[in-house]
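Notes follow once the structure below has been shown.
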Amino acid sequence: MQLSRARSAVRPFLQAGLRPSGIAFARVQSELALSRAAGRRFQSTSESTTSSPASSPNPSASTEPPRTSPPKISRWKRFLQGLGTATLVTVLGVGGGFYYYSKHELNPGPQLDFDPEKKTLVILGSGWGATSILKGLDTEDYNVVVISPRNYFLFTPLLPSVATGTLSPRSILQSTRYITRHKKRKVTVIEAEATDVDPANKIVTFSDNSGVQGQVWSTTLPYDYLVYAVGAETQTFNIPGVREYAGFMKELHDAEKMQDKFMDCIESAAFPGQSSEEQDRLLHIVVVGGGPTGVELSGELHDFLEEDLKHWYPELADKIKITLVEALPSVLPSFSRQLIEYTESTFKEAKIDILTKTMVKEIKEKSVVLAMPDKSIKEVPCGMVVWAAGNTLRKVTKDLIAKLPEQDNRRGLIVDDHLRLKGADGIFALGDCTATQYAPTAQVAAQQGNYLARILQHIAKRDHIQKQLDVLAAEGVVDAPEKKGEIESLAKQLAKWEKLRPFHYSHQGSLAYIGSEKAIADLPFFGSGNLATGGMITYYFWRSAYLSTLFSLRNRTLVATDWMKVKMFGRDVARD
Ligand SMILES: Cc1cc2nc3c(=O)[nH]c(=O)nc-3n(C[C@H](O)[C@H](O)[C@H](O)COP(=O)(O)OP(=O)(O)OC[C@H]3O[C@@H](n4cnc5c(N)ncnc54)[C@H](O)[C@@H]3O)c2cc1C
């Protein structure tokens, strides 16, 4: 009776699809407890009565105790329990792995000391080419010295994002020592600029040209092998005013300077009493160069305007104008036609003006002088010009070319199929400082770096065998019959290691961000095919591709966090 009363008390709640609550629920619970107790009492009574069949008042009654089936767990509950367990295991696994890996990166183990028996390998530069070698190189084979005016690696493809505050500068750089400390043998890192390479005597001269110098700031170093990866500098085509008034987009400080100047233009435009024409001038940004860097920068500037400046400078935002100037007939000449058109239409929607077949003649303090497609000259007022138009050789590279009669290409250093510098012994060159059939891209420099790391290992093995043969020759036992087998085996090995595979570039595709959460990608498809795609999904692909290409867990974490921060809190408009 109690049981049925309790059930009838709960029924209204169940029928209403509600969970009983408050006092009513407490009452129902106590009634249920009573009914359970009653049930137990009933059960024990029946057990005691059935335990003695002789005393059973009803002989036809069953001797089996009543069966109670185990409480049923609904499928949904089982699913939730499974999901919870899987989530917990995943979180613990990923968290533990992340913790272990980050601790490992922070605490590199002991390293082998310098070995006077090993050859000296000097690497000039700490960019894409040099860092890829360092990553892949087995430093046990050499005493390695890295010389570069930057003591870090810069992930250049994300530099335009730093210029608009989407990423913080530190997120896309990686200290070179961080990389070298994880190598087997100690690597010397010198923050200095190579000022001269003497290929005849195998000596490199370098100087500390930083703000602070010690008593010694310039010295020389002999090398056995030299890897020349100093990149290139920005090409200005000797156009008047470029160096004085334009900003560049090559180094980290260029991006930081640009961000600062852009915000300065906006704050000056907001100054009380500024005329409408002056506001228009200050808020006109001209980007020169329609390659991936210029396009990405224009897209990033547009995002900054739409997502942030419109909120913080509502009275000025509509006046901000971005113009992209390109001398060729179209922007992004290395991309397929449909992606060029897609970019042009996206820019049109975003109100970014594209001026193709237009040449910059001069840059002045407050304007840019343009030669238009119809050959007319137009002076356009602007607050800021960013120059992202091409590469030229550094002075040290030009000097090296001048020393070698075999080097007669003004575009860059000539190398053979194994990246050996033509006309010099023991020098390898790669990346933007070379003149090859490949475009000057990070992808090419990185693949060349990986290749050279393998080749240098190969050469170390070859040199080791040669050394053994030289020792036998010095001992005068080359003709001794008991040494014949050993010498033949060494000669065979030497012949094997003499064969170096030539460098082969494998194009992995081209990617560019074009703003408005859209990216474009030209990807190789089944050998000679090509997949051209653009839009929002490509944008997520672009992001994940760059995240996976970043060189360390630290960089990946910082960049992903920056992207999340900007999504949640927007970009910073404060100026230092
Ligand atoms: C803004 C921007 C965006 C880019 N985006 C892409 C992209 O999306 N995809 C792509 O494939 N490529 C991209 N690139 C091109 C790519 O960055 C270069 O092709 C690549 O950096 C070339 O590698 P490198 O090793 O030859 O030169 P760098 O990476 O430039 O490295 C040169 C190194 O040499 C050092 N150095 C300079 N002078 C000396 C000296 N005298 N002595 C010693 N060391 C010296 C420098 O400090 C630097 O560490 C971009 C470039 C820029 C600037």
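Remember, it's 1-based here, ligands and their atoms both numbered in the order they're listed.
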Numbered in order shown, the ligand 1 atoms found under 4.0 Å of a heavy atom of G431 are 26 (O)
Looking at I147, which atoms of ligand 1 are within less than 4.0 Å of one of its heavy atoms?
43 (C), 44 (N)
Does ligand 1 come near enough to E193 that some N or O of the ligand is less than 3.5 Å from an N or O of the residue?
no
Consider every N or O of V396 and every N or O of ligand 1, then say whether any pair is closer than 3.5 Å.
no
Please list the nearest protein heavy atom to atom 21 (O) of ligand 1 with its residue and the distance rounded to 0.1 Å.
W128 CD1, 3.1 Å
Name the closest protein heavy atom to atom 11 (O) of ligand 1, giving the residue it belongs to and the distance to 0.1 Å.
A442 N, 2.9 Å
Given [options], which has its nearest heavy atom closest to [atom]?
| atom | options | answer |
| --- | --- | --- |
| atom 30 (O) of ligand 1 | S161, G231, A512 | G231 |
| atom 14 (N) of ligand 1 | N151, D196, T156 | T156 |
| atom 33 (C) of ligand 1 | S148, P160, A229 | A229 |
| atom 32 (C) of ligand 1 | L511, V230, T549 | V230 |
| atom 41 (N) of ligand 1 | P157, S126, A194 | A194 |
| atom 39 (C) of ligand 1 | A255, P149, G294 | P149 |

Contact partition for E296 relative to ligand 1, non-hydrogen atoms under 4.0 Å:
neither
Counting only heavy atoms, which portion of T195 has something under 4.0 Å from ligand 1: side chain, backbone, both, or neither?
neither
All heavy atoms of A453 vs all of G136, minimum pair found to be CB-C, 3.6 Å
